[in-house]
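Both ligands and their constituent atoms are indexed starting at 1 by order of listing. Start at 1 with the first residue, then count along the sequence.
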Amino acid sequence: MTAFVTIADGVHLVRIPMPGGGLPYSLAYLIEDGNGRLHVVDPGSPTVEAAGALSRAMDALGRSPEDVAGIVVTHLHADHAGGVAALREATGAPVLMHEREASAAAAIVRGLPSPDFAAWGVPAERRPELAAASSAPSSAALPTPDVLLADGDLLDVPGRRIRVLWTPGHTPGHLCLHDEEADLVFTGDHVLPTINSGLGLGGPTPSNPIADYLVGLRRIGALDSRALPGHEEPFTGLAERTAALAEHHLGRAREVAAHPEGTVWDVARTLTWTGGWDALRGFTLLSALAQTALHRDFVALGGLDAG
Ligand SMILES: [Zn+2]
């Protein structure tokens with residue numbers, strides 16, 4: 001496999017292997033600035049293989065760790081941000097993330113409450129597997145920031161105009177980056193070309209993650225730039241893709257709204273799931289129930305009325 005793929009002038013994609021046998025890799029990006037230094041977007045998983053892929057790409061570009069001027073993470077998940085501590089150590093470069101993502105990471109470290117499985121109507125015999133799944137995430141791979149970003153900030157990347165766009169939903173402080181002159185948008189897990197990212201996967205939020213996500217989809221869709229996602233492949237047609245994702249969630253909300261009575265468990269059983277309801281176990285079952293609960297809250301908050 002080649003060490004990197006050049007996407008545009010000074011923008012390079014690096015495939016970072018992912019452990020766990022799910023998706024094969026996450027996508028990191030190396031952005032060159034006007035001073036010949038590099039800015040890394042989403043270094044990837046906290047593994048030797050991931051760090052190796054990134055350093056091979058830098059070698060192939062003729063750069064060394066000291067040339068890294070900044071490390072930006074789109075969101076706190078380990079497949080994007082797990083490698084930041086090692087990369088900061090190797091390069092001395094600051095880690096940048098959205099201020100809301102930093103507080104979400106801190107809340108996870110303090111320990112999140114487990115969902116109320118009884119209130120969700122989960123049968124008693126299925127609760128232990130959900131309890132085990134909900135206590136799974138390790139805080140060891142969570143990023144800590146050196147610089148907090150806010151919506152609308154321009155990154156300090158000499159020679160380029162790269163703007164921070166806050167796109168909550170997948171996680172509370174997920175961000176996308178818009179390279180305004182090259183007309184590229186780094187979409188993280190906010191928009192992937194074929195996968196529908198799960199929502200609400202960064203701890204509780206004061207607002208509904210689906211409502212937040214739909215706002216972010218409209219914003220990113222309106223750019224209609226070439227998309228550089230956190231998985232799969234770069235793609236065009238962002239307006240179409242964001243519209244399809246919005247329709248997916250609105251359709252799911254309509255399905256949920258058709259069952260106003262009953263518990264989250266009862267409603268989730270009536271919905272269509274990839275692989276079928278009976279195949280859901282442990283984390284996938286937890287995720288299905290959590291997504292159903294979010295859609296139900298979204299409906300209760302009048303999300304479908306807002307159009
Ligand atoms: Zn991801």
Yes or no on side chain to side chain contact (heavy atoms under 4.5 Å, CB included) for Ile210 and Arg252, after CA distance, side-chain angles and deciding distance?
-> CA-CA 11 Å; Ile210 294 167; Arg252 190 42 55 119; over 6 Å; no
Taking the six-membered ring for Trp and the single ring otherwise, decide whether the centroids of His231 and His80 are under 6.0 Å apart.
-> yes
Any salt bridge between Asp151 and Arg219, counting N to O under 4.0 Å?
-> yes
Taking just the N, O or S atoms of Asp79, which one is nearest to the Zn ion (ligand 1)?
-> OD2
Within the stated cut-off of 2.8 Å, is an N/O/S atom of His80 closer than that to the Zn ion (ligand 1)?
-> yes
Roughly, to 10 degrees, what angle do Asp189 atom OD2 and His231 atom NE2 form around the Zn ion (ligand 1)?
-> 110°
Can you label the angle between the His190 ring and the His174 ring as parallel, tilted or perpendicular, going by 30° and 60°?
-> tilted
